[in-house]
Amino acid sequence: MVSELTKIYRTGSVEVIALKDVSFQVNKDEFIAIMGPSGSGKSTLMYIIGCLDRATRGSYYFEGQEVSRLKENTLAIIRNKKIGFVFQTYNLLPRLNAFQNVELPLIYAGISGTQRKKIVKNALIQVGLEDRLFHRPNQLSGGESQRVGIARALVNDPSILLADEPTGNLDSKTGEEVMQIFQNLNEQGKTILLVTHEREIAQHTKRILHFHDGRLVGDELVEKPLQAS
Ligand code: ADP
Ligand code: ADP
């Protein structure tokens, strides 16, 4: 999927090599944690995998297509239909309730009202929030807000979920509960990639990729993924 990927940021005459010859394969049904110290290239990698940015060299295949050759509007379609994004700070719209936040991508996608209702309810059930439909973000806890964020990422039935530090703003117990949701989704067949700097969180996944100075320095199989207690 990712082959000899290199990303160089140029600012004037200054060059920063953010990723260097990174290669790995992501298979369907995988659940992967990306770990590494600050500045090791994790966000850059997520941006490229999320089709928000392109690599400087190397190739990235998404469902058989070489992403660096695609036009910007094709990339936007892939982002909106094929990739679900989950954010550390949830990125919910404060004036909309949980249902409306989750519904938004479906409105953009032109899905009819009756269909939307069904899909949104189903997504909120999947994350265990069916009793919070009409709560606004400021009436939700951090864990509940992140569940809304995950439900929103699910409604277009993306082929991959990308999450950048999804538990970064949560206490450890709530973080584990959120990881349990990702585990359930993965068991139902979702491919998931998440960035974390917490070993404990990464232990809930099935595979850990370690980055250092833009290089992939370790590819570790998690023998017995942790389950939330
Ligand atoms: P991480 O997510 O692991 O902290 P990043 O991917 O954000 O790492 O950064 C990798 C390197 O690329 C760092 O040295 C960072 O300063 C640099 N970098 C990231 N984004 C930019 C940018 N837009 N312009 C210039 N340098 C950048
Ligand atoms: P664009 O408008 O060109 O698609 P954006 O930077 O607005 O680019 O967003 C990039 C992608 O990130 C979007 O295509 C979308 O899939 C995802 N995204 C951004 N914001 C949200 C959001 N609030 N909810 C769900 N997905 C989002």
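Fair warning: this is a prediction, and the values are worked out from it, not measured in the lab. Whatever order the structure lists ligands and atoms in, that order sets their numbers, starting from 1.
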Could you tell me whether ligand 1 has any atom less than 4.0 Å away from a heavy atom of Gly36?
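It does not, in that no heavy atom of Gly36 comes within the 4.0 Å cut-off of ligand 1.
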Would you say the side chains of Ser159 and Glu63 form a donor-acceptor pair under 3.5 Å?
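Present: a donor and an acceptor within the cut-off.
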Can you find a side-chain donor-acceptor pair between Gln183 and His204 that sits under 3.5 Å?
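No, His204 and Gln183 have no side-chain donor paired with an acceptor closer than 3.5 Å.
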Starting from [atom], which protein heavy atom do you reach first, and at what distance in Å?
atom: atom 3 (O) of ligand 1; answer: Lys42 NZ, 2.9 Å
atom: atom 5 (P) of ligand 1; answer: Thr44 OG1, 3.7 Å
atom: atom 8 (O) of ligand 1; answer: Gly41 N, 3.1 Å
atom: atom 10 (C) of ligand 1; answer: Gly39 O, 3.4 Å
atom: atom 15 (C) of ligand 1; answer: Val16 CG1, 4.6 Å
atom: atom 2 (O) of ligand 1; answer: Ser43 OG, 2.6 Å

Distance check, rounded to the nearest 0.5 Å: Gln180 atom CD versus Leu226 atom CG?
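So the CD of Gln180 and the CG of Leu226 are separated by 10.5 Å.
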Atom pair CG/CG of Leu193 and Asp164 - distance to nearest 0.5 Å
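Separation between the atoms: 11.0 Å.
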Main chain of Tyr60, side chain of Glu66: is a donor-acceptor contact present, judged purely on distance under 3.5 Å?
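Judged by distance alone, yes, a pair lies under 3.5 Å.
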So, the side chain of Glu130 versus the backbone of Asn122: is there a donor-acceptor pair under 3.5 Å, distance only?
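Absent.
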Go through ligand 1 atom by atom and flag the ones less than 4.0 Å from a non-hydrogen atom of [X].
X: Pro37; answer: 3 (O)
X: Ser40; answer: 1 (P), 3 (O), 8 (O)
X: Ala18; answer: 10 (C), 11 (C), 12 (O)

Atom CZ of Arg54: over 12 foreign heavy atoms under 6.0 Å:
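Count over threshold, so yes.
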Measure from atom 22 (C) of ligand 1 to every heavy atom in Tyr9, Phe211, Tyr47 and give the option owning the shortest one.
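Heavy atom nearest to atom 22 (C) of ligand 1 belongs to Tyr9.
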Measuring only between side-chain heavy atoms, which start at C-beta, is Phe182 closer than 4.5 Å to Thr205?
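Not in contact.
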